[in-house]
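Only one structure is covered here, and it is reproduced in the block below.
Note on naming: letters A, B, ... go to the chains in the order of the sequence lines (proteins, then strands), and numbering restarts at 1 for each one.
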Amino acid sequence: MIDLVKQCITMSIPLVLIALAGFFSERGGVINIGLEGKTLLACFFSVAFSSKFGPIPGLALTIIATSLVSLIHWLLTQVYRMDHIISGMAINLLATGATSFFKFRFAADGLQDSAVPPKMLLYALGIIAPIALYWLSHKTKFGLQHRSAGSDPDKARLLGINPQNIRFSALVGTGVLCALAGSLLVAETPQFTDGMTSGRGYIALAALILGGWRPVNAALACLLFGAASALQIQYNGQYIPSEAWKSLPYIVTLFAIAGFLGKNRTPAGLGKP
Amino acid sequence: MKILALIAGGIVLFLASLWAAGANPVTAISQLVTGSVGSASALSGTVREMTPLLILGVSVFLALKAGLFNIGAEGQFVIGACFSAATMLAIGGPLGVVAGVLVGAISGGLWALPAGYIKAFRNGHEVITTIMLNNIAINLTKWLVSGPFKGEKAVSATSATLPVNSQLTPLFKIGQFELPQAVVVGVLLTIGVGYWLSKTTSGYELRAAGANPTAAEFAGVKTKQVTVKAMFLSGAIAGIAGALQIAQFEHRFYDGSSVGYGFDALGVALLAGGNAYGLFASSFLFGALNKGGTSLMGLGIDKGITTMVLAIVIIIFAAVKYRQRGGRND
């Protein structure tokens with residue numbers, strides 16, 4: 001039982017961090033298919049920097065580097081006005097290629113125990129983050145501007161808010177949270193392997209949609225998905241094939257998108273310039 | 001000006017990456033070229049890599065014309081490959097191949113259908129739904145091939161091998177160069193779809209629905225039905241790609257029969273621009289990069305660099321071609 005709870009937390013918290021990273025950009029109006037790639041890059045940065053500079057400077061540098069990558073997304077969608085989906089896919093592709101290309105040079109070996117990112121701190125942040133983001137989104141001026149940039153960018157402009165600027169901060173937020181998620185994954189298995197995010201970016205996106213683009217609900221959806229994978233690991237496909245467990249989040253999301261699980265709450269300005 | 005900056009940035013990123021990894025750019029690039037088109041056998045390899053990309057490129061291209069991003073080509077490909085392999089094994093012989101391709105087309109089309117339906121009638125974005133369907137397809141086929149479809153003597157998760165009379169032979173062979181039949185089918189499909197889109201009424205309706213759904217609706221096009229139809233056709237073509245991949249090259253279905261062809265196909269279709277015949281050039285380029293990337297590994301350079309090149313090419317191309325209009329501070 002204790003193992004199951006532990007497993008559930010291990011599986012859920014990275015998802016929570018990635019889903020909230022998605023919350024930052026999608027509530028601000030930037031469709032984020034690129035979460036998978038950003039998190040993968042964060043894993044790579046975490047191994048590369050932590051092995052060289054130790055855990056805390058490594059974490060700080062990972063946050064900076066991942067935020068810069070996230071700003072490439074801002075540059076492409078907001079300055080170059082590129083289609084959000086194409087740019088997100090391109091970032092995923094770039095991340096897959098770059099991490100695999102550079103891993104032998106910069107992240108060949110696993111991390112020493114002394115260099116592993118601070119696991120407990122990251123878990124704590126993952127638990128606090130949904131509430132912190134709820135507060136940020138609903139109780140602060142930035143939150144209001146952020147939501148308005150995602151709901152109706154044209155009206156936001158009339159009120160003197162520049163959606164492009166708001167989205168800049170939002171994508172920095174995405175980068176920071178992806179960096180935390182990547183570092184947490186590395187803290188669990190202190191080594192970089194190709195594609196080590198294994199689709200978590202997409203599952204987190206699914207959780208975000210299932211949670212109606214709300215931080216606390218999205219975190220609960222992550223908990224649900226995390227619990228499903230924890231059960232699957234625990235019972236190792238004894239009663240139900242493990243492939244069926246793995247498909248569960250995706251099937252639930254399909255129904256959620258189709259609006260069979262309640263009202264569709266897509267931010268209205270998603271993907272608009 | 002902005003675009004020039006982007007292109008320069010892309011080139012700098014590419015060269016800097018090679019330099020940072022300790023590789024000589026000149027050697028790397030020349031190896032990439034000789035490894036992909038430098039000899040008859042290298043060229044054969046490039047055509048082999050190009051084949052699924054061309055057919056999947058047609059699939060994604062068709063959807064794109066209807067205003068749909070079919071990220072689901074990957075899932076439709078593996079579903080088509082898996083079910084067609086089972087059919088070809090069950091029936092056997094040349095008839096089995098024909099039935100297999102048919103089953104591949106139908107299963108691929110059906111797999112795409114929920115995405116089309118949700119897009120048209122439930123207002124859910126096709127990119128998210130097709131990504132979900134991809135993951136379900138990968139899990140489903142993995143389960144099928146490690147259980148019900150598993151070959152009798154197979155140790156790992158793989159189907160039995162096709163009997164020799166169900167394996168497609170090369171159309172012709174000149175020395176080291178082989179021309180697969182599947183690529184010929186791909187060429188015919190490309191021409192067929194290109195013709196259908198530009199010369200027929202139903203093709204025109206599809207393009208109208210993609211270009212401006214409101215205007216198309218006003219002009220009497222049933223855009224919702226067109227969306228569902230386009231998604232089905234796109235999935236069916238992706239399914240054919242899967243079936244032909246089994247019949248011509250792999251001869252069996254196994255977990256991992258696709259190495260991300262569906263995602264590359266999005267790049268192929270985008271790079272073709274608005275022109276179906278552009279697919280020949282773009283799938284050849286992607287095929288050459290895939291093949292050349294493998295030969296780079298001989299130099300100790302990871303083939304990840306070619307994935308990066310593809311991403312950079314897509315970014316630059318999309319910045320030129322797929323820009324959004326509107327908004328104020330342009």
Side-chain angles (χ1 to χ4, degrees), chain A residues 31 33 72 76-106 153-154 157 162-164 194 199 202-203 205-206 209 241-247 249-251 253-254 256-260 264 266 270-273, chain B residues 2-3 6 13 17 20-22 69 71 114-115 117-118 121-125 127-129 131-136 138-144 146-147 260 263-264 266-267 270 300-312 314-315 317-319 322-330:
Chain A
I31 303 177
I33 302 289
I72 296 180
L76 296 180
T77 55
Q78 304 303 314
V79 177
Y80 283 98
R81 293 287 162 92
M82 197 187 287
D83 188 282
H84 291 203
I85 287 154
I86 298 174
S87 57
M89 291 299 289
I91 284 175
N92 285 343
L93 209 57
L94 203 58
T96 316
T99 51
S100 144
F101 182 58
F102 285 119
K103 71 169 180 247
F104 295 114
R105 175 100 181 174
F106 297 105
D154 285 329
R157 281 192 194 90
N162 187 340
Q164 267 72 26
D194 277 347
Y202 298 120
I203 299 186
L205 191 64
I209 293 164
S242 63
E243 286 86 4
W245 276 118
K246 280 188 200 150
S247 303
Y250 307 116
I251 297 170
T253 308
L254 267 186
I257 298 171
F260 294 130
N264 199 338
T266 317
L270 201 52
K272 291 199 181 133
Chain B
K2 268 202 222 168
I3 298 299
L6 200 62
L13 183 63
S17 303
F69 279 105
I71 315 272
Y117 165 78
I118 292 174
F121 295 101
R122 313 288 307 187
N123 197 24
H125 205 297
V127 167
I128 313 288
T129 52
I131 287 174
M132 300 301 136
L133 286 165
N134 279 346
N135 290 306
I136 300 169
I138 288 161
N139 282 320
L140 175 66
T141 53
K142 192 174 176 178
W143 177 72
L144 282 173
S146 52
F263 298 109
D264 284 0
L266 189 74
L270 291 174
I301 302 174
D302 190 273
K303 65 182 288 189
I305 188 73
T306 54
T307 315
M308 289 179 70
V309 172
L310 293 181
I312 294 169
I314 290 173
I315 288 174
F317 198 77
Y322 293 92
R323 281 164 62 85
Q324 296 178 319
R325 281 168 233 291
R328 204 185 47 186
N329 27 12
D330 213 350

Part of B:Ile131 lying under 4.5 Å from any heavy atom of chain A: side chain
Show every salt bridge (Lys or Arg N to Asp or Glu O under 4.0 Å) that has at least one partner inside residues 86-102 of chain A, sequence neighbours left out. none
Closest non-hydrogen atom pair between A:Phe101 and B:Asp302, with its separation: CD1-O, 3.5 Å
Which bit of A:Leu205 comes within less than 4.5 Å of chain B, counting heavy atoms only: side chain, backbone, both or neither? side chain
Examine whether an atom of A:Ile85 lies under 4.5 Å from a heavy atom of chain B, and if so say whether it belongs to the side chain, the backbone or both; otherwise answer neither. side chain
Does some side-chain heavy atom of B:Phe69 sit less than 4.5 Å from a side-chain heavy atom of A:Asp83? yes
Top contributor to chain A interface from B:Leu270, B:Leu310, B:Ile138 [non-hydrogen pairs under 4.5 Å]: B:Leu270
Nearest 0.5 angstrom please: B:Thr129 OG1 to B:Met132 CE, how far? 8.5 Å
Bottom line for A:Leu76: the part with an atom under 4.5 Å from chain B's heavy atoms is side chain
Can you tell which of B:Ile314, B:Ile315, B:Ile71 has the highest number of heavy-atom pairs within less than 4.5 Å of chain A? B:Ile315
Quick one: ring pair (Phe, Tyr, Trp, His ring centres under 6.0 Å) partners of B:Phe263, sequence neighbours excluded? none
For chain B, find which of A:Pro249, A:Ser247, A:Ala95 contributes the most heavy-atom pairs closer than 4.5 angstrom. A:Ser247
Side chain, backbone, both or neither: which part of A:Phe102 has an atom under 4.5 Å from a heavy atom of chain B? side chain
A:Phe104, CZ: over 12 other non-hydrogen atoms inside 6.0 angstrom: no
Chain A shares the most heavy-atom pairs under 4.5 Å, among B:Asn139, B:Leu140, B:Ile301, with B:Asn139
Without swapping roles, check the side chain of A:Asn92 against the backbone of A:Ile33 for a donor-acceptor pair under 3.5 Å. yes
Contact winner vs chain B - A:Asp194, A:Leu93, A:Ile209, A:Leu270, heavy-atom pairs under 4.5 Å: A:Leu93
